[in-house]
Amino acid sequence: MVTLAQRIESLRTEKGLSRSALAAALGFPKGSVDKFETGRQTPTKEQQDKMAAFFGVSLFYLRGESGDRTKMENWIDMDPDDFVDAPIRPAPQRRKVQPTPAPEAETAAGGASLFDSFLHSKAFQEALRAAVLDVLRSPEGRRIVSDAVARELKK
């Protein structure tokens, strides 16, 4: 897996910039990029946003969480008519498999599976809620929500 530090260094060298030149271009303190690339310091959320915008990549790519450089708005706002000429492939045929009952050890009270119990646990729901709120508070999340609301209002 690629780290944030490795990704910053890779993107910087692709642009042919020195560490100090990148820091100057982004308005960061002189030695900050050196600290980011060596892992001695983690860039703030705002600094990560600036770097992602500067390099034209998504935050997920910058952080090493994805291998896809594409920013979400590059594909989410596409006109559906752009897909008209795309070849349509039939869905693969799947064999019908008879479901097997869950073993007794894997069922919780009330017949729910362990996975269902996990999904309904308070800790999981709180973690999911926190993750969703973080995304919605980000500039990209706000933009996506406002675009979706605008589309719905136009209907």
Side-chain angles (χ1 to χ4, degrees), residues 1-83 85-89 91-92 94 102-103 105-109 112-153:
M1 186 167 122
V2 177
T3 65
L4 173 65
Q6 292 168 330
R7 190 72 82 191
I8 294 169
E9 182 178 15
S10 171
L11 290 167
R12 176 186 58 78
T13 54
E14 280 180 21
K15 288 255 188 197
L17 297 171
S18 67
R19 290 175 173 172
S20 57
L22 177 59
L26 295 170
F28 295 168
K30 187 177 180 181
S32 61
V33 175
D34 180 57
K35 291 177 184 176
F36 299 155
E37 289 185 5
T38 57
R40 291 181 287 154
Q41 183 179 346
T42 302
T44 65
K45 174 79 169 90
E46 292 79 22
Q47 289 172 325
Q48 291 177 29
D49 288 337
K50 262 187 164 178
M51 284 189 277
F54 179 80
F55 292 121
V57 297
S58 68
L59 280 173
F60 296 111
Y61 181 80
L62 180 70
R63 292 179 187 147
E65 297 168 359
S66 169
D68 183 10
R69 292 176 177 238
T70 310
K71 286 187 166 189
M72 198 173 293
E73 61 268 14
N74 291 351
W75 58 266
I76 202 162
D77 292 331
M78 289 182 76
D79 186 2
D81 294 335
D82 293 342
F83 297 104
D85 295 330
I88 299 173
R89 286 181 257 147
R94 297 184 184 195
E106 292 185 16
T107 57
S113 70
L114 285 177
F115 186 68
D116 289 334
S117 299
F118 172 73
L119 291 177
H120 295 292
S121 72
K122 187 174 181 176
F124 173 76
Q125 290 177 355
E126 287 174 2
L128 181 62
R129 181 178 187 274
V132 168
L133 288 175
D134 283 346
V135 170
L136 291 176
R137 288 183 184 122
S138 72
E140 289 174 332
R142 288 182 188 156
R143 189 170 43 254
I144 290 168
V145 170
S146 67
D147 291 346
V149 168
R151 280 193 297 266
E152 288 298 314
L153 291 176

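Around atom CZ of R40, more than 12 heavy atoms belonging to other residues, nucleotides or ligands sit under 6.0 Å away.
The shortest distance between side-chain heavy atoms of P43 and L4 falls below 4.5 Å. By the 4.5 Å heavy-atom criterion applied to side chains, L11 and R69 are counted as neighbours. Inter-residue side-chain proximity for E152 and V149 is flagged as unmet; no heavy-atom pair is nearer than 4.5 Å.
One finds the CG atom of L59 at 5.0 Å from the CG atom of D49 (value rounded to the nearest 0.5 Å). Within the model, atoms CD1 of I8 and OG1 of T13 stand 12.0 Å from one another, a figure rounded to the nearest 0.5 Å. In this structure, K45 NZ and R137 CZ are separated by 12.0 Å, a value rounded to the nearest 0.5 Å. With rounding to the nearest 0.5 angstrom, the CZ atom of F36 is 5.0 Å from the CE atom of M51.
Of all non-hydrogen atoms in R12 and L17, the two that sit nearest each other are NH1-O, 2.7 Å. Between D68 and Y61, the shortest heavy-atom contact is O-CB, 3.5 Å.
With sequence neighbours excluded, no residue forms a side-chain hydrogen bond (donor to acceptor under 3.5 Å, both in side chains) with E65. K15 meets the side-chain hydrogen bond (donor to acceptor under 3.5 Å, both in side chains) test with no other residue; sequence neighbours excluded.
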- Task: Apply side-chain contact (heavy atoms from CB on, under 4.5 Å) to Q48 and T42, showing your working.
- Result: CA-CA 9 Å; Q48 291 177 29; T42 302; 4.2 Å; yes
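Between D147 and R143, no side-chain nitrogen of the basic residue sits less than 4.0 Å from a carboxylate oxygen of the acidic one, so the salt-bridge criterion is not met.
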Under 3.5 Å, side-chain donor or acceptor atoms of residues 18-31 against the rest of the protein: list the pairs with distances, not counting sequence neighbours.
unit_1 : atom_1 : unit_2 : atom_2 : d
S18    : OG     : S20    : OG     : 3.3
S18    : OG     : A21    : N      : 3.0
R19    : NE     : E37    : OE1    : 2.7
R19    : NH1    : D34    : OD1    : 2.3
R19    : NH2    : E37    : OE1    : 3.2

